[in-house]
Amino acid sequence: MRLTEAQQKILDGGEGEVMAKVMKTLVRYGEIFGAEEMVPVTGKHNHLVTSFGLKALGPVYALMDQLIEAGAVSKQTFSADPRPLDKNVPSNFLQNFIFNHFMYSKQDFYEGQLKKLGLMDEDAFSCTCYMEEMDNRPQKGEILSWAESSAVVYANSVLGARCNRNSGIIDLMGSIVGYVPKFGFLTDEGRKADWIVEIKTTKKPEAQLLGSAIGMKVLEEVPYIKGLDQWLGNELDDAACTFLKDMGAATASNGAVGLYHVAGLTPEAVELGESLIKEDAKVYVIDDAELQRVYDSYPVIWKDKNAAPKLCFMGCPHMSLEQLKDWTDKVEAGLKAAGNAKVQIPTVFTAAPAVLNEFEKTPYAARLKATGVITSYICPLMYMNNPLAGKMPVITSSNKLRTYTTARYYTDDEILVQITKGGK
Amino acid sequence: MKTFKGRVITAGTVKAEALVSHGGLNTLASFQKALQFGDKKVTCGDQNNPDLYGKQMLDKALCLPQTIGSTTGGLVLYCACSMGRKPACMLFSQPIDSLAAAGAVLADVWLDDVNMPVVDSLGEEFLAYVKDGMTITVGEDGEVTVE
């Protein structure tokens with residue numbers, strides 16, 4: 001790799017031994033993927049995937065201490081993924097004991113480290129840091145050093161920023177030295193599509209199901225999606241962005257997609273059209289039958305497959321403000337139709353702290369509360385990531401949560417019936 | 001016996017028993033239980049991976065296409081190496097993914113005395129040929145012998 005004089009100086013120890021190791025890590029990481037140079041990080045803020053003080057990650061905290069002691073802190077401030085704990089979310093005595101004494105006993109300590117390293121503020125915890133309310137929304141063409149698969153795929157695809165699918169720690173190191181290796185999604189060639197995905201459904205597809213189908217088919221490659229604009233329109237409005245947020249998270253977790261293009265909608269597809277498609281691109285046609293096939297393929301890994309759901313999580317990734325308002329209307333209407341006053345299954349809607357603050361300012365907040373739905377900033381995945389979760393029948397419309405935990409997937413319409421009618 | 005040649009990601013030599021995942025290895029789901037609850041044999045906790053679920057990964061030659069899942073993958077692998085709860089080596093049939101690459105490089109640069117050779121691009125034939133329990137020998141130059 002060709003390094004500039006300033007970069008070489010860091011690698012040679014000119015800014016200390018720890019900074020040299022940080023640079024060495026990034027150079028080695030880049031060389032594996034053929035990077036020939038390091039380029040400056042130009043985004044205003046970073047985003048880290050590690051927000052949780054998981055006791056098991058002791059070696060990470062030791063490494064963070066090395067960085068802090070050497071003064072090797074982030075040149076940018078950063079947001080991080082959602083917190084793993086929130087007392088508003090229902091949990092029993094045993095769960096609380098395991099969460100606080102075994103799993104996340106390092107939470108306060110780790111948040112202290114994050115503050116020293118460059119955390120934006122005390123509420124900068126969400127997987128949807130790119131929401132306008134969160135103040136970490138990169139511009140088109142900016143170079144990022146982010147991790148968190150759902151945020152990376154959104155930043156690349158919907159915002160047109162440039163970021164690789166980085167791992168935790170690598171994300172932080174990029175903003176410590178201020179450079180990242182140039183490869184993959186940072187290059188024009190790396191942003192070209194390997195797949196044409198043709199949407200031929202008879203109705204608007206479920207975002208999380210469509211993303212799952214695409215992710216499982218294309219894995220880490222780039223899809224160019226045709227026919228979706230007929231359902232989403234040609235403007236990146238709140239509804240389209242919310243759809244793409246949920247679809248993208250499913251492509252990234254059910255596969256490993258870091259960038260997709262939607263014809264007539266996402267910025268590079270609008271600007272460059274089909275010139276983004278590689279000559280030898282493969283074709284994947286998605287119709288109603290294909291979506292049904294994908295839905296039917298999901299295993300149910302509850303111990304008792306017929307158990308009554310004990311909890312419902314919505315918001316993985318975190319919900320948008322419009323989504324919270326829309327679901328308030330839906331839940332109210334569903335309860336009214338069912339003749340119920342409150343949701344029949346304990347239900348948690350999760351969103352970024354700043355989004356929840358905005359939601360609280362609207363009349364919708366009191367209406368949602370009256371239905372019994374709980375709002376929280378928690379990470380549902382971190383809540384579910386414990387040995388007791390396997391015995392707990394949790395339902396969700398998140399394909400990411402389904403993939404990483406024992407939660408059972410239902411479509412939005414099915415979830416609405418479950419929580420308002422209780423499966424009657 | 002067959003020999004395959006791949007690209008060296010982190011160099012080293014080792015002889016170990018093969019453990020094969022034909023699907024992508026979800027690093028967080030596979031290792032978390034072992035790191036969290038002191039399972040020194042590193043039993044795979046990923047219920048979505050029928051090849052590995054419930055099998056011991058400690059000191060095995062882990063043969064896989066790529067890793068998948070959460071972008072915590074690299075730091076989880078780093079922790080597994082630091083805590084001595086790692087496979088003997090990781091052998092990828094495909095080019096390594098960015099998360100596994102991060103874990104391998106972090107362990108190599110930041111930890112002392114960790115020997116976990118990582119070789120990628122061994123080809124589809126490698127993953128089709130190797131079976132659980134076979135003996136794997138990894139050479140310094142990325143040569144992998146399966147017998």
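For the numbers below, each heavy atom of this structure counts, side chains included, while hydrogens, waters and symmetry mates do not.
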What distance do [X] atom [atom1] and [Y] atom [atom2] have between them, rounded to the nearest 0.5 Å?
X: Met382(A); Y: Thr72(B); atom1: CE; atom2: OG1; value: 6.5 Å
X: Lys55(A); Y: Phe37(B); atom1: NZ; atom2: CZ; value: 9.0 Å
X: Phe33(A); Y: Asp97(B); atom1: CZ; atom2: CG; value: 6.5 Å
X: Trp110(B); Y: Leu67(A); atom1: CH2; atom2: CG; value: 5.0 Å
X: Leu75(B); Y: Leu63(A); atom1: CG; atom2: CG; value: 10.0 Å
X: Asn166(A); Y: Thr71(B); atom1: CG; atom2: OG1; value: 8.5 Å

Just wondering, do Ile98(A) and Gln36(B) contact through their side chains at under 4.5 Å, heavy atoms?
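Answer no - side chains too far apart.
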
Is there side-chain contact between Gln66(B) and Leu219(A), with at least one heavy-atom pair below 4.5 Å?
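No, every pair of side-chain atoms sits at 4.5 Å or beyond.
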
Please lay out, stage by stage, how Gln32(B) and Leu54(A) fare under the test side-chain contact (heavy atoms from CB on, under 4.5 Å).
CA-CA 10 Å; Gln32(B) 189 189 342; Leu54(A) 205 55; 4.0 Å; yes

Heavy-atom distance under 4.5 Å to chain A: side chain of Leu111(B), backbone, both or neither?
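Neither part, no heavy atoms under 4.5 Å.
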
Side chain, backbone, both or neither: which part of Asp46(B) has a heavy atom under 4.5 Å from chain A?
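No part of it gets close to chain A.
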
Chain B contact via [X] - side chain, backbone, both or neither, heavy atoms under 4.5 Å:
X: Val27(A); value: neither
X: Ser150(A); value: neither
X: Tyr61(A); value: neither
X: Ala256(A); value: neither
X: Met103(A); value: both

So which residue, [options], ends up with the most heavy-atom pairs under 4.5 Å with chain B?
options: Lys400(A), Glu31(A), Glu148(A); value: Glu148(A)
options: Leu26(A), Asn385(A), Thr405(A); value: Asn385(A)
options: Pro59(A), Ser253(A), Gly168(A); value: Pro59(A)

Between the side chain of Ser167(A) and the main-chain N/O of Leu99(B), is any donor-acceptor distance below 3.5 Å?
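Here the side-chain-to-backbone pair does not exist.
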
Just by distance, do the side chain of Arg7(B) and the backbone of Ile32(A) share a donor-acceptor pair under 3.5 Å?
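The answer is yes, because a donor-acceptor pair under 3.5 Å joins these two groups.
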
Within a radius of less than 6.0 Å around [atom1] of [X], do more than 12 heavy atoms belonging to other residues, nucleotides or ligands occur?
X: Lys21(A); atom1: NZ; result: yes
X: Lys24(A); atom1: NZ; result: no
X: Lys5(B); atom1: NZ; result: yes

Only pairs of heavy atoms separated by less than 4.5 Å count here; which of [options] has the most with chain A?
options: Gly74(B), Ser98(B), Ser82(B); result: Ser98(B)
options: Gly69(B), Gly73(B), Ala101(B); result: Gly69(B)
options: Asn26(B), Asp108(B), Ile68(B); result: Asp108(B)

